[in-house]
Peer 1: 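Encoded as structure tokens, here's the structure I'll be asking about.
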Amino acid sequence: MDETEFIKSLQKRAKEQHQLFEGMPFPSLFRLTTYWLSDHPWRIIIPVAFFVTLLARNILGQQFTEIVLKVFYRL
């Protein structure tokens, strides 16, 4: 396969994917979330991890630290 055929196949796949994407329900919502998360997944992962840690720390108190230490000790 030469370069022109490869580029044509990529363009064909991109058109097919775009058609599938436009056929989805709520395409603008999916477009926003996929572009936002695919380029910058840390934007959601870090805040969620932070809030989960705070929540667990508030619920469990000092036991949370001990549980985390036990988990990482076993690794």
Side-chain angles (χ1 to χ4, degrees):
M1 177 182 289
D2 63 351
E3 184 177 348
T4 56
E5 290 176 9
F6 179 71
I7 291 173
K8 285 180 184 180
S9 67
L10 284 179
Q11 289 174 341
K12 181 182 174 186
R13 288 183 192 171
K15 287 179 185 178
E16 291 172 355
Q17 187 176 15
H18 182 71
Q19 288 174 348
L20 285 172
F21 191 74
E22 290 297 324
M24 296 172 79
F26 308 110
S28 60
L29 175 67
F30 288 121
R31 183 179 305 134
L32 175 67
T33 55
T34 55
Y35 288 147
W36 192 68
L37 290 176
S38 65
D39 290 337
H40 307 287
W42 51 267
R43 287 183 179 175
I44 190 84
I45 293 171
I46 291 174
V48 167
F50 180 72
F51 288 122
V52 166
T53 303
L54 285 178
L55 182 67
R57 177 76 174 158
N58 285 335
I59 292 172
L60 298 174
Q62 185 62 29
Q63 283 182 328
F64 177 72
T65 304
E66 294 171 9
I67 292 170
V68 170
L69 289 174
K70 285 179 184 177
V71 167
F72 284 106
Y73 177 74
R74 291 181 184 174
L75 292 178

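The figures that follow rest on heavy atoms only: side chains count, while hydrogens, waters and symmetry mates do not.
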Peer 1: If you group Ile, Leu, Val, Met, Phe, Trp and Tyr by side-chain heavy-atom gaps below 4.5 Å, do I44 and V52 land in one group?
Peer 2: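 Yes, it is one cluster - the side chains of I44 and V52 are joined through contacts under 4.5 Å.
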
Peer 1: Hey, quick one: are I45 and V48 part of the same hydrophobic cluster, counting side-chain heavy atoms closer than 4.5 Å, chains of contacts allowed?
Peer 2: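 Same hydrophobic cluster.
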
Peer 1: Within this structure, what is the CD-CD1 distance for the pair Q62 and I67, rounded to the nearest 0.5 Å?
Peer 2: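 The CD1 atom of I67 is 10.5 Å from CD of Q62, to the nearest 0.5 Å.
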
Peer 1: For Q17, does the CD atom have more than 12 heavy-atom neighbours from other residues, nucleotides or ligands under 6.0 Å away?
Peer 2: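 No, because the 6.0 Å sphere around CD of Q17 holds 12 heavy atoms or fewer from other groups.
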
Peer 1: Are L54 and L69 joined in one hydrophobic group, where the rule is that I, L, V, M, F, W and Y side chains link up if heavy atoms are under 4.5 Å apart?
Peer 2: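 No; L69 is not reachable from L54 via cluster members.
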
Peer 1: So among I59, T53, L55, which one has a side chain to side chain contact (heavy atoms under 4.5 Å, CB included) with F64?
Peer 2: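 Looking at I59, T53, L55, the match for F64 under the side chain to side chain contact (heavy atoms under 4.5 Å, CB included) is T53.
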
Peer 1: Could you state the interatomic distance from NZ (K12) to CD (E5), rounded to the nearest 0.5 Å?
Peer 2: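 Reported to 0.5 Å precision, the distance equals 12.0 Å.
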
